[in-house]
Number of protein chains: 2
Amino acid sequence: MKNNLRIERAIKNITQADLAELIKVSRQTINTIESNRYVPSAVLALKIAKVFGKPVEEIFELEDSD
Amino acid sequence: MKNNLRIERAIKNITQADLAELIKVSRQTINTIESNRYVPSAVLALKIAKVFGKPVEEIFELEDSD
DNA sequence: AATATATGTCAAGTTTATTTTACATTTTTT
DNA sequence: AAAAAATGTAAAATAAACTTGACATATATT
């Protein structure tokens with residue numbers, strides 16, 4: 001699964017730590033999601049999408065490998 | 001997090017086992033997601049939404065408790 | 001160039017998702 | 001009413017998410 005966190009953060013000009021605080025997870029959780037080291041739960045995905053004001057599908061995209 | 005799996009399955013007229021096979025998980029996984037006993041991964045949520053042809057947000061909804 | 005801020009990553013630990021097997025109950029079909 | 005199909009659940013095992021703390025590197029600020 002791909003993600004656009006880096007781009008969306010850049011658009012909103014917020015850091016990984018900022019995003020982590022907004023959705024109440026650790027900074028490492030954001031970092032590892034952003035760098036594709038693990039897949040977030042649907043709750044986290046919904047919260048992240050909400051922060052960026054976009055649908056989940058615009059931020060997380062399935063790949064053939066999924 | 002709430003979900004509309006039961007309704008969406010009814011609309012498409014498919015069983016839990018059918019849905020499970022479509023997205024390659026066990027039937028129990030579908031059952032436990034549907035009965036809110038656990039939260040699926042973002043990959044599963046995306047796949048389920050894709051099966052029903054609707055955005056993730058229309059199938060899984062954040063609650064105040066999330 | 002020095003300092004501060006942001007990011008990458010690692011290891012160890014806890015919690016939660018997911019699988020498999022199995023059985024009981026409910027609902028649908030005949 | 002009987003049989004078949006669908007659903008609910010439970011226990012045990014494994015995999016994966018998430019946390020905390022810590023440190024190294026990279027990027028931005030002064």
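Each chain gets a letter, A, B and so on, in the order its sequence line appears, and its residues count up from 1.
Picking from D:dA22, D:dT9, D:dA6 the nucleotide with the shortest atom distance to the side chain of B:T15 gives D:dA6. In the set D:dT19, C:dG8, D:dT7, the nucleotide with an atom closest to the side chain of B:N31 is D:dT7. Checking D:dT7, D:dA22, C:dA17 against the side-chain heavy atoms of B:Y38 singles out C:dA17 as nearest.
The nearest whole Å value for the distance from the CD atom in B:E21 to the P atom in C:dT18 is 18 Å. Distance, B:L44 CG to C:dT16 P: 18 Å, rounded to whole Å. Atom NZ in B:K24 sits about 12 Å away from atom P in C:dT19, given to the nearest Å. In this structure, CG of A:L5 is placed 11 Å from P of C:dG8, rounded to the nearest angstrom. Between the CG atom of B:N13 and the C1' atom of D:dA6 there is a distance of 12 Å, given to the nearest Å. As rounded to whole Å, 20 Å separates atom P of D:dA5 from atom CG of B:L19. A:I33 has its CD1 atom 15 Å from the C1' atom of C:dT9, to the nearest Å. For the pair B:M1 CE and D:dA17 P, the computed distance is 15 Å after rounding to whole Å.
Across all their heavy atoms, B:E58 and B:N4 have their closest contact at O-ND2, 3.0 Å. A:A42 and B:M1 make their closest contact through CB-SD, 4.1 Å (heavy atoms, listed as atom of the first residue, atom of the second, distance). The nearest pair of heavy atoms linking B:V56 to B:A45 is CG2-O, 4.0 Å. The minimum heavy-atom distance between B:T29 and B:T32, with the atom names listed, is O-OG1, 3.0 Å.
Between B:R6 and D:dT7 there is no side-chain N or O to OP1 or OP2 distance below 4.0 Å. Considering only side-chain N and O atoms, B:S41 lies under 4.0 angstrom from the phosphate OP1 or OP2 of C:dT18. B:R37 has no side-chain polar atom (N or O) that falls below the 4.0 Å cut-off from OP1 or OP2 of D:dT7. Under 4.0 angstrom from either OP1 or OP2 of D:dC18 there lies no side-chain N or O belonging to A:T29. An OP1 or OP2 oxygen of C:dG8 is reached within less than 4.0 angstrom by a side-chain nitrogen or oxygen of A:Q16.
In this structure, B:K2 and B:L62 have side chains that are not in contact, with every pair of non-hydrogen atoms separated by 4.5 Å or more. Side-chain contact between B:D18 and B:T15: present, with at least one pair of heavy atoms (C-beta onward) separated by less than 4.5 Å.
Between B:R9 and B:E34 a salt bridge is recorded (basic side-chain N to carboxylate O distance below 4.0 Å).
Between B:D18 and B:S35, it is B:D18 whose nearest contact on DNA chain D lies nearer the 5' terminus.
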Give each protein N/O atom lying under 3.5 Å from an N/O atom of nucleotides 24-30 of chain C, with the pair distance.
none

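Within the 4.0 angstrom heavy-atom criterion, no nucleotide atom of any strand lies near B:E34.
Linking ILVMFWY residues whenever their side-chain heavy atoms come closer than 4.5 Å, directly or via other members, leaves B:I59 and B:I11 in distinct clusters.
Between the side chain of A:Q28 and the base of C:dT7 there is no donor-acceptor pair of N/O atoms closer than 3.5 Å. In this model, no side-chain donor or acceptor of A:R27 finds a partner on the base of D:dG21 within 3.5 Å.
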